[in-house]
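What follows is one structure encoded as structure tokens, with my remarks underneath.
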Amino acid sequence: FLWIDPARGRFQYNTFRGERNYSCFSSSDFYSSLGLEDFLSVGDISGTEEDTDSAILYGTLRGSVVGLRYYTGIVNNNEMVALQRDPNNPYDKNAVRVNNVNGDQVGHIKKELAAALAGIMDSKLAVVEGVVPYGAKNVFTMPVQMSFWGREENREAVLDQLKRHGFKLSPPLKGNRFGSKWISGRAGPSYSAPVHAAVQLTTEQLKSEFDKLFEDLKEDDKTCEMEGAETVGTLLLPHQKQALAWMVSRENSNDLPPFWEERSDFYYNILTNFAEKKRPENIRGGILADDMGLGKTLTTIALILTNFQDGKPLPVERITNDKFCEDQFEQHIHQDFNVNIYVYYGSDRSKDPSVLSEQDIVLTTYNILATDYGIRGGSPLHKVKWLRIVLDEGHTIRNPNAQQTKAVLNLEGQRRWVLTGTPIQNSVKDLWSLISFLKMKPFTDREWWHRTIQRPVTTGTPGGLGRLQSLIRSITLRRTKTSKVKGKPVLELPERKVLIQHVTLTEEERQVYQSVKEEGKAAISRFFSEGTVLAHYADILGVLLRLRQLCCHPHLCVNTSSSFSAGESEFSLVFDNKTPEELRETLVKKMKLVLSSGSDEECAVCLESLTVPVITRCAHVFCKPCIFEVIRSEQPNAKCPLCRNKLRVEHLVECPPEEEIDSSNGKKSDQEWISSSKVNALMHALIELRRDSPNAKCLVVSQFTTFLSLIENPLKESGFAFTRLDGSMAQKKRVEAIQCFQSSQAGSPTVMLLSLKAGGVGLNLTAASRVFLMDPAWNPAAEDQCFDRCHRLGQKHDVVITKFIVKDSVEENMMKIQNKKRKLAAGAFATKKPSASEVNQTKINEIKALIDL
DNA sequence: ACCGCCGGGTGCC
DNA sequence: ACCGCCGGGTGCC
């Protein structure tokens, strides 16, 4: 089995000493430490993907497919076909191939028509789709009905190009004449004679429609229960037994995949009208989409142990663990099971596939998977045929252009599972990667997914949503925290309260804060007047970071502010009077600032954690493969996705192998300990809490690990027993810290210092019933996720969360933006992705709001 | 006839 | 392809 998890912390054995460890220190960490990650998550800005969602139908055209007798690909009447440019054809550089749904070539578009299409297709002015209305049995040529899709602003150009070759589009006909003419009566491609925007569902409608997918839990195949194998060693809850039964039945089932029918002597796909003799393989897996905290990981471990072969369990020795262990992989499997587990992670990972093949379970991360995918000689992970592949937090692969997604899609293994609490994050589009991973024919090819599911749903074509529903229903099990099993909620959680505790800075703190603020504000105003805001984005984030740090404790920004007031040098990259070596050093320095600010975030191209960070000359950090792809696809005039400055491969600077990035950030033992208003507020609350309920445990959460280190001082002074968990800790230490904190023994720690994004969503800290959030995150979801680490299955008490917010500061402004974001998120499903310029405008507005401009 | 017409050879891009 | 197109054979009625 291969188990892939995004949370490197979860099984991270190496430390970063002596090597680069991007999981601990990525530039996204930096953005996230600023709490502005969503600023940077600007969607598909790589520019490689046609914006298929805003495409409209220009019209249709009848043409012919020729040369049928030279090819083996066959089609049915009404079957969809793909038109593919064939620019290297020796006889005609305009050639356009016609392929059936399976990808087999059927023929070519007749040359006169191909001459007209070539330019349109190459310049991506329109997407051309085909359906063969009749004549499927023809020997030499057959007709093809083509639909032209593109953005409104390209319509004229397309019509013009066609006209110049003597073709004219027929208007997009509304059903009748068209339909009756070439769609025979059967359940056919009502989408290939598209009626654009018939009934456009509102966002709200779509969302509520979609939620209905999972309401019906009475389906038989999802309510049977099954006991886990003895070796599971933990009692499963009823809903977990249901999930186990469902997963086992999916792995062992021989049903046809959705949308396939058996007809006399062949198998028929009712969406594309494609048929073949070979039985399409069943999807031996699916999506387990239970809400966070319902025990997806535990259930999947139960599956691994219970359904090894022919429904028999994995032959391993019985384990001896009687404590109820929730969800965490290493807590669960590592200590308790006598199975071979290989953690494929760290620089000493074996590149020998046979080493991997010997294991029962191999654990790895998306980052490792993606990094290895590109290596010379191939990734060992991709050379093994796995029995089962599990994508934990599987929505990680939502972006089809990301290296991680590509690496995942190319893994081989029969049983394939996606675990995710949020299968649909923003839109139907997010689903494609998951569906494709499940190897569901014909959706592994994005064109068929788009034509048969995505477009019908987003344009509101009647029946489209129904299609999506039946697809999802057949491969997904989802229960929410409020779902019921046998009339009882699967999860009965105590209450959760969030309090805002305002903090006023002392006179002295205020002075420092104001001076840094004025200085930063002046610089940012200058960027506004120069129109270089986006070019100085990293610097602006730096200013905001300092302000946020000052709200916490004056010592936090000592290191980062060294060159801040030194004048131009930090804010503008003046190239003219710098040697290449000096320039390189400046960029490396910037990247290190970016890489060293603790916690974790994303590359703005792939929206995933950074694999191999590189910095551009305009000082933006991306994954190396991502930015290379941008440059390749936009050549020769590639522009930075964040600021639109020119990009050149030879200007990219990689992070040099590092001594130790973080060395200076720790405790300053030589520096005398002083407190701060926020620390005082925390200590006051902690001492009060200890007096009133001595056994209560609490989490003290910050995005700044240095801040956590500072807080250790007063905790010691006041005699608190505490422990600590942050992203830089070795795995062993982490497990120790967690177990120690979760223990109910007398004298066990009552306080845990926790970095906001430490651990994956699986992190279980239910011993705590109080949370003190020391600094706000810009993205409220990150906070919520953190709160859920104690407000989850196993929590016995009401949970009280206190957020410390400094009055009249950037923190208050962040709260306002948080609220806006919350409202947006509430109605965000399936809304159109904002354009790059909209995103930039939002960024600019938010910068203004944050620094009172 | 530097045409028309006939009928055989032939056939994607 | 039971087509179109090509190019050689042919030539009043």
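Basis for what follows: all heavy atoms, side chains included, without hydrogens, waters or symmetry-related copies. Predicted model only: the values in this text are computed from it and were never measured. Order of the sequence lines sets the chain letters (A, B, ...), proteins ahead of strands, with each chain counted from 1.
Applying the 3.5 Å distance criterion, the base of dC13(B) shares no donor-acceptor pair with the side chain of Tyr70(A). At a cut-off of 3.5 angstrom, counting only N and O atoms as typed in the model, there is a donor on one side and an acceptor on the other between the side-chain of Asn89(A) and the base of dC13(B).
Going from atom CE of Met142(A) over to atom C1' of dG11(B) covers 17 Å, rounded to whole Å. Distance NZ (Lys110(A)) to P (dC12(B)): 10 Å, rounded to an integer number of Å. Spacing between atom CD of Glu112(A) and atom P of dC5(C) amounts to 10 Å, rounded to whole angstrom units. Rounded to a whole Å, the CG atom of Asn138(A) is 13 Å from the P atom of dC2(C). Atom NZ in Lys93(A) sits about 17 Å away from atom C1' in dC12(B), given to the nearest Å. Atom CG of Asp92(A) and atom C1' of dC13(B) are 6 Å apart (whole Å). The OH atom of Tyr71(A) sits 6 Å away from the C1' atom of dC13(B) (whole-angstrom rounding). Per the geometry, CG belonging to Leu83(A) stands 14 Å off C1' belonging to dC13(B), to the nearest Å.
Between His382(A) and Asp372(A) the shortest side-chain heavy-atom distance does not fall below 4.5 Å. In this structure, the side chains of Met121(A) and Val128(A) come closer than 4.5 Å at one or more pairs of heavy atoms.
Across all strands shown, nothing is found opposite dC12(B) as a Watson-Crick or G-U wobble partner with both distances under 3.5 Å.
Between dC12(B) and Lys111(A), no contact under 4.0 Å exists linking OP1 or OP2 to a side-chain N or O.
Nucleotides dC5(B) and dT10(C) have their C1' atoms positioned 9 Å apart, rounded to a whole Å. Only the C1' atoms considered, dC6(C) is 15 Å distant from dA1(C), to the nearest whole Å.
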Give every donor-acceptor pair under 3.5 Å between a side-chain atom in residues 153-161 of chain A and any protein atom, sequence neighbours left out.
residue: Arg155(A); atom: NE; partner: Glu152(A); partner atom: OE2; Å: 3.4
residue: Asp160(A); atom: OD2; partner: Arg164(A); partner atom: NE; Å: 3.4
residue: Asp160(A); atom: OD2; partner: Arg164(A); partner atom: NH2; Å: 3.4

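Contact annotation for Leu68(A): no contact, since no heavy-atom pair falls under 4.0 Å across all strands. Within 4.0 Å (heavy atoms only), Arg69(A) reaches at least one base atom of the nucleic acid.
Going from atom CZ of Phe259(A) over to atom CD1 of Ile453(A) covers 4.5 Å, rounded to the nearest 0.5 Å. Remark: Asp92(A) CG to Asn89(A) CG distance equals 6.5 Å, nearest 0.5 Å.
The stacking criteria are not both satisfied for Phe140(A) over the base of dG11(B), which would need a centre-to-centre distance under 5.5 angstrom and an angle between ring planes under 30 degrees.
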